[in-house]
Asks: 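Structure provided below as C-alpha cells; questions to follow.
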Amino acid sequence: MKRTLLLIVPFLFVLSLCACGSTKEEIKEPVNFYYLKSEINFNSASGVLEKEVREGAGFHNNLSAYLHAYLRGPLSSELESLIPSEVYLVSCEAVDNTVSIVFSAQFSSLSGLKLTAACSALLLSVHDFTGADTICIQAKDEKIDENKKVKYYVLI
C-alpha cells in the first residue's frame, strides 16, 4: 500500500504541473513580425531586431491585412515598433518580386537611425510574408529622409 501511494503521489504532482502549463493556443499558420528589442544588449549575439510569431490564418496571403496587423505593434512588452502610432497604410501592392507600400504622411517623421531600424524590421517582416526581393516604402505626398521613396533589395 505504501509503495503504491509513493508511486501515485509523484504522478499526481507531475500531472498537476502539466495542468498549470501554458494555455497558449497552438499556432496553425505562423507568420513573423519583426520589431526592435526594447532592451538592446550590445554584448549579445541576438542582435537588435527580434521576430514575434503570431497566428496568420486570418491573413490568407493578404498583404494589406498583414500590414494593418503589423502597424498595431508588437504583442510582447519586450519588443517595440519605431513606426509612429498615427501612421496608417494608404496602399500596398505586390507585383512579381516587388512590393510597394505607401504609408500616411506621418511616416516621413522618421529619419536617421530610427528610419533605418523601422524599415529594417518592416523589410524582414514583409520579405518573410511575401518572399519579395524588392520592397519600396513611401510616405504619401512626402519625402522620407530627402528621398521620394526608399527602395530596399533583399540579399539572399
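All heavy atoms count here, side chains included; hydrogens, waters and symmetry mates do not.
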Asks: CG/Asp133 to NE2/His127 distance, rounded to the nearest 0.5 angstrom?
Replies: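 Here the rounded value is 7.0 Å.
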Asks: Just how far is it from atom OG1 of Thr130 to atom CD1 of Ile135, taken to the nearest 0.5 Å?
Replies: 5.5 Å
Asks: In residues 60-79, what donor-acceptor pairs under 3.5 Å come from side-chain atoms, sequence neighbours left out?
Replies:
from  : atom 1 : to     : atom 2 : distance (Å)
His60 : ND1    : Ala57  : O      : 3.3
His60 : NE2    : Ala57  : O      : 2.5
Asn62 : OD1    : Ser64  : N      : 3.1
Asn62 : OD1    : Ala65  : N      : 3.1
Tyr66 : OH     : Asn32  : O      : 2.4
Tyr66 : OH     : Ser125 : O      : 3.1
Tyr70 : OH     : Tyr34  : O      : 2.8
Ser76 : OG     : Glu78  : N      : 3.0

Asks: When you compare the side chain of Asp128 with that of Val31, does any pair of heavy atoms fall below 4.5 Å?
Replies: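 Contact flag for Val31/Asp128 side chains = no.
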Asks: To the closest 0.5 Å, what do you measure between CG (Leu49) and CG (Leu122)?
Replies: 11.0 Å
Asks: Can you tell whether the side chains of Glu52 and Arg54 come within less than 4.0 Å, N to carboxylate O?
Replies: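 Salt bridge between Glu52 and Arg54, a charged N being under 4.0 Å from a carboxylate O: yes.
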Asks: For a quick test of reading the model, state the closest non-hydrogen atom pair linking Val87 to Ser104 and the distance between them.
Replies: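 Heavy atoms only, the tightest pair is CA-OG, 3.4 Å.
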Asks: Counting C-beta onward and ignoring hydrogens, is there a side-chain heavy-atom pair between Thr116 and Ser120 closer than 4.5 Å?
Replies: yes
Asks: On a heavy-atom basis, which atom in Pro30 and which in Val53 lie closest, and how many Å separate them?
Replies: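 Between these two residues, the closest heavy atoms are CB-CG1, 3.6 Å.
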Asks: Do Tyr88 and Phe107 belong to the same hydrophobic cluster, where Ile, Leu, Val, Met, Phe, Trp and Tyr are linked whenever their side-chain heavy atoms lie under 4.5 Å apart, directly or via other members?
Replies: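 Different hydrophobic clusters.
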Asks: Quick check on the hydrophobic clustering: are Phe129 and Val102 connected, directly or via other members, by side-chain heavy-atom contacts under 4.5 Å?
Replies: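 Phe129 and Val102: separate clusters.
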Asks: Minimum heavy-atom separation for Gln106 to Glu86, with atom names?
Replies: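 So the two residues come closest at CG-CG, 3.5 Å.
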Asks: Do Pro84 and Ser109 have side chains that approach each other closer than 4.5 Å (heavy atoms only, starting at C-beta)?
Replies: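 In contact.
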Asks: I'd like to know if the side chain of Glu55 and the backbone of Lys28 have a donor-acceptor N/O pair within less than 3.5 Å.
Replies: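 The answer is yes, because a donor-acceptor pair under 3.5 Å joins these two groups.
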Asks: For the residue pair Val99 and Thr134, establish whether any side-chain heavy-atom pair is separated by less than 4.5 Å.
Replies: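 Side-chain contact under 4.5 Å: no.
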Asks: Are the side chains of Phe103 and Val90 in contact, using a 4.5 Å heavy-atom criterion?
Replies: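 Val90 does not reach Phe103 side chain to side chain.
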Asks: Rounded to the nearest 0.5 Å, what separates atom CD in Gln138 from atom OG in Ser108?
Replies: 12.0 Å
